[in-house]
Amino acid sequence: MTESRPVRVRFAPSPTGMLHIGGARTALFNWAFARSRGGTFLLRIEDTDTERNSVESLQSILDSMRWLGLDWNEGPEADGNFGPYFQSERVESYNAAMARGLTEGWLYRCFATAEELEVQREEARAAKTNWRFDARFRDLSQEEAEARHAKGERNVLRFRVPEGEDIVIKDHIRGEVKFTSNDVEDWVAVRPNGMPTYNFVCALDDSAMEISHVIRGEEHLVNTPKQILVYRALGLAEPEYAHVPLILGQDGKKLSKRTGDTALGDYISKGYPADALFNFLCLLGFSIDDKTDVFTREELLAAFDLKRISKGGALFDTDKLHWLCGDWIRRMQSPSFTAAVLPYLIDAGLVPEDASADANLQLLVAAFQERITLYSELPAQAAGMFGEMPEYDGKAQKALRADGVSDVLEAVAKAVDASAWPMEDFSATVKAVAGELDLGMGKVMKPVRAALTGTLGGPELADVVRILGKQRSLKRLQECLTVIGESLEDSAQEG
RNA sequence: GGUCCCAUCGUCUAGUCUGGCCUAGGACACCAGGUUUUCAUCCUGGCAACAGGGGUUCGAAUCCCCUUGGGAUCACCA
């Protein structure tokens, strides 16, 4: 485990869907390892399953990687001397290995169909006996096999797994993991259509691309022996391994769509801050020390070490994620927060398409910065600050029905009207009013807030008034008085 | 079921390799106070864990074994 090869790691997604949260974290650990060790991070696209590939998937994966800030040195839309980086474009090299395997005998043709093997598996399962691959064609002579192949008989290439060989994986996270080749079946290395399968090409490509460390999800641990056998058959140097623990859903099982959003894209579109998600992903299975849980990419790189990745799976805890999001948002510089949130305001139709962040909008947005967790929450929370009049919610209506509200609103409106603009000290003004009416601050602030914003929560009223401006503030107070007056008449008539 | 992995507060984790400094630390969540014109923030405090059993040792969360529990995987997907 102490080779001095240059560090080259890869993330190898298959373009069959959006980037999964677990995949994103694997990519992140690879990236962090490369960046912290002055190594190379490359992206390889595993598109050997022609049935399920799609260009949309590929694009969304690349977008998600970039959103998270995981830049790659080699791969699609990048340079690199070890390409092509799409497996579908590397078939010549695979063909060469196949030919060699056939010649050397570690690959052989198998004419059993997937269907009939499946029947055997079912039978074994029903009989509760352990399924063991029946290597029927293992000893067919090469001549006969080639003859049947030449006649066009459908066949796959299987890997001839040697018997009684110890296979020890030296894993940076788990230590030594021991297998015996007797537990490995003669797996399919090449499909009938000539396209090789994952375990075969993975080893071939990792070797060809001079990958020094294979950092991937723990679910791959059990098929690592197959890949090691390929290295041994070809006399290639093995990479070092690090199998990272799984991310678990609330049910304690591998995170899946059943237990929540699993695609990074979902979090992007829901307005999660990228830095927070990055931070959170790190926290799932990695720690810097005993007390640091909020950190930047730079801080991560300074501390990153495969040894600090834990072994057990980690539950995806949305509470903590949301806390992190809020924390990151609170730490943001006001201008970048405004920039991040502007698209959501535009989307909600609260500001015009071509809106730029003028001083007033800056002010407004800043007033809500410490109150939201996701960028996408701003429109709903700040809606009352836009337009001429707010909508009064239930609590606000109740507050406005209290005794003496009219006097309060009237007095405050008068004070606001009389004051210079921008108001030096709104609080002082209200205090004066409260003194005049012989009321506590709360008694005054509450109805004023209700009248001004339509809700009982939100930013400081001094900010609200400043953001609304003199005219709008006055209008809201006065129209609110009218509304109250009408409803009083109503209830008088009723009574 | 076979093979493999894992096991500290409800959750994420520090501590485990290199036994003693651990009457087990931090964070989220939760609860109780406080600051504040509201909400949010912020501050203070509280609740809460070494899965069980055997060893080894002067001494074990830390080392060994067993049990139990959880997970991954068992495709002509990756």
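Order of the sequence lines fixes the chain letters, A, B, ..., with proteins taken first and strands second; residue numbering starts at 1 for each chain.
Atom C1' of B:rC17 sits at a distance of 22 Å from the matching atom of B:rC12, rounded to the whole Å. Comparing the C1' positions of B:rU68 and B:rC58 gives an interatomic distance of 31 Å, to the nearest angstrom. Across B:rG1 and B:rU57, the matching C1' atoms stand 40 Å from one another, rounded to whole Å. For B:rC9 and B:rC22, the C1' atoms lie 15 Å apart once the distance is rounded to whole Å. Atom name C1', nucleotides B:rA7 and B:rG46: the rounded distance is 28 Å, in whole Å. Rounded to the nearest Å, the gap between the C1' atom of B:rA49 and that of B:rU62 is 15 Å. On the C1' atoms, B:rU11 is 29 Å away from B:rG19, given to the nearest whole Å. Taking the P atom of each, B:rG15 and B:rG26 are spaced 15 Å apart, rounded to whole Å.
Residue contacts shown for A:K443 are absent, as no nucleic acid heavy atom lies under 4.0 Å away. Backbone-only engagement by A:G285 is indicated by non-hydrogen atom pairs under 4.0 Å involving sugar-phosphate atoms exclusively. A:K311 comes within contact range of the sugar-phosphate backbone alone, with a heavy-atom separation under 4.0 Å but no base atom that close. At a threshold of 4.0 angstrom between heavy atoms, the contacts of A:A428 with the nucleic acid are absent. No engagement by A:P225 is indicated, since no non-hydrogen atom pair under 4.0 Å with the nucleic acid exists. Residue contacts shown for A:R330 are limited to sugar-phosphate atoms, with no base heavy atom under 4.0 Å away. Looking at heavy-atom distances under 4.0 Å, A:F179 makes contact with sugar-phosphate atoms alone, never a base.
Listed by chain and residue number, A:Y198 satisfy the side-chain hydrogen bond (donor to acceptor under 3.5 Å, both in side chains) test with A:H220 (two or more places apart in sequence, or in another chain). Here A:N199 pairs with nothing under the side-chain hydrogen bond (donor to acceptor under 3.5 Å, both in side chains) rule; sequence neighbours left out. For A:R154, there are no salt bridge (Lys or Arg N to Asp or Glu O under 4.0 Å) partners two or more places apart in sequence or in a different chain. Contacts of A:T292 classified as side-chain hydrogen bond (donor to acceptor under 3.5 Å, both in side chains), with partners at least two apart in sequence or in another chain: A:D289. The ring pair (Phe, Tyr, Trp, His ring centres under 6.0 Å) test applied to A:F11 returns no partner, not counting sequence neighbours. The ring pair (Phe, Tyr, Trp, His ring centres under 6.0 Å) check on A:F280 picks up A:F316, with sequence neighbours excluded.
The NE2 atom of A:H243 sits 11 Å away from the C1' atom of B:rC4 (whole-angstrom rounding). Note: OH (A:Y198) to P (B:rC76) measures 16 Å, nearest angstrom. When the C1' atom of B:rA78 is taken as reference, atom CD of A:E51 falls 14 Å away, rounded to whole Å. B:rC39 atom P lies 14 Å from atom CG of A:D393, rounded to whole Å. For the pair A:E370 CD and B:rU38 P, the interatomic distance rounds to 13 Å; values are reported in whole Å. Straight-line distance from the CG atom of A:L315 to the P atom of B:rC6: 18 Å, rounded to whole Å. Rounded to whole Å, the distance from NZ on A:K226 to C1' on B:rC76 is 12 Å. Look at CD on A:Q369: it is 12 Å from C1' on B:rA40, rounded to the nearest Å.
The partner of B:rU41 cannot be assigned: no Watson-Crick or G-U wobble pair with both contacts below 3.5 Å exists in any strand. Nucleotide B:rG1 has B:rC74 as its partner under the Watson-Crick or G-U criteria, with both atom distances under 3.5 Å. Pairing for B:rA60 is absent, judged as Watson-Crick or G-U wobble with the two contacts each under 3.5 Å.
At distances below 3.5 Å, at least one donor-acceptor pair connects side-chain atoms of A:N279 with backbone N or O atoms of A:D293. The backbone N or O of A:I21 lies less than 3.5 Å from no partner atom in the side chain of A:R25, so there is not a single donor-acceptor pair. One N or O on the side chain of A:R449 and one on the backbone of A:P459 form a donor-acceptor pair closer than 3.5 Å. No donor-acceptor distance shorter than 3.5 angstrom exists from the side chain of A:T180 to the backbone of A:G164, with no hydrogens or angles considered.
With hydrogens and angles left out, the side-chain atoms of A:D47 and A:S88 include a donor and acceptor closer than 3.5 Å. The closest side-chain donor-acceptor pair between A:H243 and A:R216 falls under 3.5 angstrom. If you check the side chains of A:E163 and A:N182, you find no donor sitting under 3.5 Å from an acceptor.
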How would nucleotides 15-20 of chain B be written as a contact map, 5' to 3', with B for base contact, S for sugar-phosphate-only contact and - for no contact, using protein heavy atoms under 4.0 Å? S-----

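For residues 274-284 of chain A, the pairs satisfying salt bridge (charged side-chain N to carboxylate O under 4.0 Å, His left out) are A:D275-A:R297, with sequence neighbours left out.
When the options A:V168, A:V184, A:I169 are evaluated for a side chain to side chain contact (heavy atoms under 4.5 Å, CB included) with A:F179, the one that passes is A:I169.
Less than 4.0 Å separates RNA chain B from at least one heavy atom of each of the following residues of residues 317-329 of chain A: A:D317, A:D319, A:K320, A:W323. Contacts between residues 447-457 of chain A and RNA chain B, counted as heavy-atom distances below 4.0 Å, involve A:R449, A:L456, A:G457.
Which of B:rU37, B:rC76, B:rA27 sits closest to the side chain of A:D293 comes down to B:rA27. Residue A:T48 has its side chain nearest to B:rA78 when only B:rU37, B:rC12, B:rA78 are considered. Distances from the side chain of A:T197 to the nucleotides B:rU37, B:rC12, B:rC76 place B:rC76 closest. Of the candidate nucleotides B:rG26, B:rU13, B:rU37, B:rU13 has the atom nearest to the side chain of A:A314. Minimum atom distance to the side chain of A:V177 is reached by B:rC5, of the listed B:rC5, B:rU37, B:rU13.
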List, with names and distances, any nitrogen or oxygen atoms from the protein found under 3.5 Å away from nitrogen or oxygen atoms belonging to nucleotides 67-73 of chain B.
{"unit_1": "B:rG71", "atom_1": "OP1", "unit_2": "A:K253", "atom_2": "NZ", "d": "2.6"}
{"unit_1": "B:rA72", "atom_1": "OP1", "unit_2": "A:K254", "atom_2": "N", "d": "3.2"}
{"unit_1": "B:rU73", "atom_1": "OP1", "unit_2": "A:K254", "atom_2": "NZ", "d": "2.6"}

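Residue A:R371 places no side-chain N or O under 4.0 Å from the OP1 or OP2 atom of B:rU38.
Both A:G312 and A:I309 lie near RNA chain B, and the one whose nearest nucleotide falls closer to the 5' end is A:G312.
Between the base of B:rC5 and the side chain of A:R174 there is no donor-acceptor pair shorter than 3.5 Å. The base of B:rC76 lies close enough to the side chain of A:R154 for a donor and an acceptor atom to sit less than 3.5 Å apart.
Taking the ring centroids of A:W187 and A:F159, they lie under the 6.0 Å cut-off.
Salt-bridge annotation for A:R232 and A:E165: present, with a side-chain N of the basic residue lying under 4.0 Å from a carboxylate O of the acidic one.
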List the atom pairs, donor and acceptor, that lie under 3.5 Å between side-chain atoms in residues 437-444 of chain A and the rest of the protein, sequence neighbours left out.
none

